[in-house]
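Owing to the predicted nature of the structure, the values given are computational and were not obtained by experimental measurement. A note on names: the letters A, B, ... follow the listed sequences, proteins ahead of strands, and every chain is numbered from 1.
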2 protein chains.
Amino acid sequence: MTDVKKTRRRPRSDGQRNREQLLEVAKTAFTVGEVDIPLDEVARRAGVGIGTLYRHFPNRDALIEAVYRAELDRLAEAAPVLAAQHPPVEALRAWMRLFVDYIAAKQVIAPALNGLVGGTGALYAHSGDVLKAAVNSLVSAAIAAGEFRADIDPLDLLRALAGVSNFSAGPGWEGSAKRLVDILITGSRSSAS
Amino acid sequence: MTDVKKTRRRPRSDGQRNREQLLEVAKTAFTVGEVDIPLDEVARRAGVGIGTLYRHFPNRDALIEAVYRAELDRLAEAAPVLAAQHPPVEALRAWMRLFVDYIAAKQVIAPALNGLVGGTGALYAHSGDVLKAAVNSLVSAAIAAGEFRADIDPLDLLRALAGVSNFSAGPGWEGSAKRLVDILITGSRSSAS
DNA sequence: GCATATACGGAGCATTGTTCCGTTTAACAA
DNA sequence: TTGTTAAACGGAACAATGCTCCGTATATGC
């Protein structure tokens, strides 16, 4: 109840450095496909003890989430930029393709999604919100411009897009994903049906 | 090279019974959300030893796959039936909705997909083929009838659909998924764009 | 009944996630 | 600089779980 507000020390520099090291190592490992990498190994590669890893990330999921969140945040930040550069529908299309590109380039997102969405769901809560806001603004603009039907739920598009990331295996995958983007957009236009 | 073909004994009845018991228990557990259930626990619930479980299913994934495959096979079998009962596009729509229903009712598929698609990929190989064949026949029919554009890749639709299963968390999920089905179909029609 | 292929069960090993706590060190004040 | 202390470190030890191994039990076919 005592609402004390002590002057807190500035966070220790080594702490921040180690945290970043860990994130970097984890991200690299995931990207290369080592999704199941033991945490000891992550710690070792980052040059820290296992205890340090656990202080920064209370459990495995927390680590994965941190990597995942950073990537998705960056993706979300692209939305307003695209919105400023293109007309509504094209901005959305560009963003969706960007999403696909991210998945293609860094397999971080896909594997991470696999392990986590089924799990706590708490993870998805935050990052989901961020992404949701991103698509939402883009879709809203398209609807406001009269290009999209008013009953289009941005989340629907996000769902479909996320699905693509699951099947990121087979060849010709990327092209297929972009084709899907077009199908989704065409299916959402006000001119259709 | 010796192409011997011995007369083999008929499989022991207790073996088959146990196998079915294990599948049943696993399926139930997965459906209830206990995706991470320890294998010992599965064995115990099925009333068998852990050794027995491992003889039937060499590893965890094999067990999940077995459950998963059975479910998806059933789903695939519905395709020809629907095709016989409805005109092409409606048959496809009905099947896609069925897919969504399956996921909604039995959470088996979604968690299983999550854990596995990212993993070996060998699993997906079989069941994927079965599903692929199912959508393929339905989409081909729609294209042949001139209802769908010729460049529609059945796999694209499957990908999007699978994605839905990932986000099976939030409320209003099912309605949203069905809406997505409509978007996909609209976006694939030959009249559009 | 008898022989034997087949299946069973569970102890035990290996790996990996997680906790705990004594030691070290960066930040701040004097 | 130096002393104090909160913050961070490292890794031994514990716990949970996947998986193996092998002696025992029991259908199956004669």
Looking at [N], I'd like to know if its phosphate oxygens (OP1 or OP2) sit under 4.0 Å from a side-chain N or O belonging to [X].
X: N18(A); N: dC9(D); answer: yes
X: T52(B); N: dG9(C); answer: yes
X: H56(A); N: dA8(D); answer: no

Nucleotide [N], atom [atom2] - distance to [atom1] of [X] in whole Å:
X: N59(B); N: dT15(C); atom1: CG; atom2: P; answer: 17 Å
X: D36(B); N: dT17(D); atom1: CG; atom2: C1'; answer: 11 Å
X: Q21(B); N: dG9(C); atom1: CD; atom2: P; answer: 12 Å
X: L22(A); N: dA8(D); atom1: CG; atom2: P; answer: 13 Å
X: I64(A); N: dG17(C); atom1: CD1; atom2: P; answer: 10 Å
X: D40(A); N: dG17(C); atom1: CG; atom2: P; answer: 7 Å
X: R60(B); N: dT20(D); atom1: CZ; atom2: C1'; answer: 17 Å
X: L39(B); N: dG12(C); atom1: CG; atom2: P; answer: 20 Å

- Task: Decide, yes or no, whether a salt bridge links E77(A) with R74(A) under the criterion of side-chain N to carboxylate O below 4.0 Å.
- Result: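 Not counted as a salt bridge, because no side-chain N and carboxylate O are separated by less than 4.0 Å.
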Sequence-distant partners of [X], side chain to side chain contact (heavy atoms under 4.5 Å, CB included), two or more places apart:
X: E90(A); answer: H86(A), P87(A), R93(A)
X: D36(B); answer: none
X: A79(A); answer: W95(A), A134(A), L138(A)
X: A62(A); answer: F57(A), P58(A), N59(A)

- Query: Nearest to the side chain of R10(B), which nucleotide is it out of dG10(D), dT18(C), dG29(D)?
  - Reply: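 Between dG10(D), dT18(C), dG29(D), the one nearest the side chain of R10(B) would be dG29(D).
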- Query: Below 4.5 Å, heavy atoms only, C-beta onward: do K27(B) and E71(B) meet side chain to side chain?
  - Reply: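 Of all side-chain heavy-atom pairs linking E71(B) with K27(B), at least one is under 4.5 Å.
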Listing time: all N or O pairs from protein to nucleotides 21-26 of chain D that are below 3.5 Å?
from	atom 1	to	atom 2	distance (Å)
dT26(D)	O2	R12(B)	NH1	3.0

- Item | Within residues 134-157 of chain A or reaching into it, pairs that qualify as ring pair (Phe, Tyr, Trp, His ring centres under 6.0 Å) - sequence neighbours excluded | none
